[in-house]
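Quick caveat: nothing in here was measured; it's all calculated off a predicted structure.
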Amino acid sequence: MAHFLQHRHDRRVAGFGHSNDPLLHHERHTQGSVQKYSKDTQVFPDLCTSGGKNLRIVRTSVIVTGVQVCSRIFMVWFITNSIRPIQNEESVILFLVVWTMTEITRYSYYTFNLLHHLPFFIKWARYNLFIVLYPLGVIGELLTIYAALPFVRRSGMYSMRLPNIYNVSFDYYYCLIIVMLSYIPLFPQLYFHMLRQRRRVLHGEVIVEKDD
Ligand SMILES: CCCCCCCCCCCCC[C@@H](O)CC(=O)SCCNC(=O)CCNC(=O)[C@H](O)C(C)(C)COP(=O)(O)OP(=O)(O)OC[C@H]1O[C@@H](n2cnc3c(N)ncnc32)[C@H](O)[C@@H]1OP(=O)(O)O
């Protein structure tokens, strides 16, 4: 992947940017596929999980799952899908790869768990890989939002300036800064929740969740 990115950068610097460039065509095609895949797949399973919790179908935590779902929807729809210039950022690739690895492990865990044939390495992966993947995902997401800030400020997207008929002002630029700051209190909650789940599942500790 590093080689691909370097090659792509070199071609841009060398002026290979015209619309017939086969690499860019391939890149746009790949990007389009990844984009559609992410928009559909990241949101639907998360909504199922949170819906499942609310209907008491699965035993997951509402608050933790809610924050996780909101951040995924926000990253997919209100950042990456809405702000085209940032779609080629390396940080987007970082969080997409990390999310993908996480969800392959998570849904393999759910599936084998339901079948009552859970291989230990899947259980181990579900409750160990997050230790590294969670921070990496957060880094990718925060760098992506950070990269979006100049475009949001310049375009004034999703913002309302006074005067207007509703007499309301909203600045998406500052909203993004608040979202970035909200990772400081919220991310540790998710991370420590997973560490508690890890102790419960891998070491058999009895843990009572506050919102259960
Ligand atoms: C409007 C602006 C919004 C702005 C938001 C700002 C938010 C800021 C902070 C957010 C930071 C988030 C960053 C994040 O996006 C980065 C990443 O994700 S990077 C990738 C790494 N991520 C992870 O590793 C995620 C790990 N976390 C989790 O997996 C979660 O905490 C979560 C899935 C949400 C909850 O896990 P938990 O272990 O508590 O519960 P489970 O749901 O896994 O399981 C409970 C039991 O229910 C069974 N279950 C659940 N779902 C299903 C299903 N779909 N099918 C079958 N069974 C299911 C599961 O097997 C468990 O059963 P058992 O207890 O018997 O094992």
Side-chain angles (χ1 to χ4, degrees), residues 1-2 34 36-80 90-146 178-212:
M1 184 176 281
V34 170
K36 176 157 179 20
Y37 172 81
S38 313
K39 278 156 59 180
D40 297 345
T41 58
Q42 279 305 321
V43 173
F44 184 68
D46 277 344
L47 287 177
C48 287
T49 303
S50 60
K53 168 63 188 180
N54 290 331
L55 297 171
R56 299 271 162 197
I57 297 170
V58 294
R59 285 177 303 192
T60 190
S61 153
V62 183
I63 297 171
V64 171
T65 312
V67 173
Q68 180 80 53
V69 170
C70 286
S71 78
R72 291 279 168 97
I73 293 175
F74 185 76
M75 285 309 300
V76 171
W77 286 97
F78 294 95
I79 300 288
T80 317
E90 273 77 11
S91 57
V92 173
I93 298 174
L94 174 63
F95 79 70
L96 282 179
V97 169
V98 166
W99 285 7
T100 306
M101 290 173 69
T102 302
E103 301 310 341
I104 289 172
T105 323
R106 182 154 77 101
Y107 283 94
S108 302
Y109 175 87
Y110 292 156
T111 307
F112 287 109
N113 204 21
L114 287 175
L115 295 171
H116 304 291
H117 284 290
L118 181 61
F120 182 74
F121 79 91
I122 290 185
K123 187 173 171 177
W124 183 92
R126 161 83 176 122
Y127 289 102
N128 279 295
L129 291 185
F130 80 90
I131 294 172
V132 176
L133 293 179
Y134 236 156
L136 282 179
V138 167
I139 290 170
E141 292 173 22
L142 287 177
L143 286 176
T144 305
I145 303 176
Y146 183 73
I178 291 169
V179 168
M180 289 175 81
L181 291 174
S182 75
Y183 275 68
I184 298 169
L186 293 176
F187 172 59
Q189 308 275 345
L190 302 192
Y191 198 68
F192 285 114
H193 167 79
M194 282 305 286
L195 288 174
R196 283 194 296 275
Q197 290 292 73
R198 180 177 186 273
R199 291 208 304 273
R200 181 178 69 84
V201 176
L202 295 184
H203 304 294
E205 286 183 28
V206 179
I207 291 165
V208 181
E209 290 287 341
K210 281 189 200 134
D211 66 320
D212 278 350

Contacts of F187 meeting ring-ring contact (aromatic ring centres under 6.0 Å, His included) (sequence neighbours excluded), chain-then-number -> Y134, Y191
At their closest point, which heavy atom of T144 faces which heavy atom of S91, and how far apart are they?
OG1-OG, 2.8 Å
Tell me whether S71 contacts the main-chain N or O of Q68 through its side chain, where contact means a donor paired with an acceptor under 3.5 Å.
yes
Note: T80 and M75 closest approach over all heavy atoms is OG1-O, 2.8 Å
Return yes when atom OH of Y146 has more than 12 non-hydrogen atoms of other residues, nucleotides or ligands closer than 6.0 Å, and no otherwise.
no
Pairing residues for Q189 by the side-chain hydrogen bond (donor to acceptor under 3.5 Å, both in side chains) criterion, not counting sequence neighbours
none
About how many Å separate CG of L202 and CD of Q197, when rounded to the nearest 0.5 Å?
10.5 Å
Minimum heavy-atom separation for T105 to R126, with atom names?
CG2-N, 3.4 Å
Between CD1 of I145 and CZ of F74, what distance do you get to the nearest 0.5 Å?
5.5 Å
Nearest 0.5 Å please: distance from the CG atom of L190 over to the OG1 atom of T65.
9.0 Å
Rounded to the nearest 0.5 Å, how far does CG of L142 lie from CG of L181?
9.5 Å
For H203 and Y127, what are the C-alpha separation, side-chain angles and deciding distance, and is it a side-chain contact (heavy atoms from CB on, under 4.5 Å)?
CA-CA 11 Å; H203 304 294; Y127 289 102; over 6 Å; no
Which heavy atom in L136 sits nearest to a heavy atom in L94, and how many Å separate them?
O-CD2, 3.6 Å
So, taking the atom named CG in L115 and the one named CZ in F112, what distance separates them when rounded to the nearest 0.5 Å?
7.0 Å
Counting only N and O atoms by type, is there a donor-acceptor contact under 3.5 Å from the side chain of N113 to the main-chain atoms of Y109?
no
Above 12 or not: heavy atoms from other molecules or residues under 6.0 Å from CE of M194?
yes
Heavy-atom check, side chain of V179 versus side chain of F78, under 4.5 Å:
no
Working for side-chain contact (heavy atoms from CB on, under 4.5 Å), residues I131 and R198
CA-CA 10 Å; I131 294 172; R198 180 177 186 273; 3.7 Å; yes
So how far is it from H193 NE2 to R196 CZ, rounded to the nearest 0.5 Å?
7.0 Å
Which is it for V98 and I139 under the side-chain contact (heavy atoms from CB on, under 4.5 Å) test, yes or no, and what are the steps along the way?
CA-CA 10 Å; V98 166; I139 290 170; over 6 Å; no
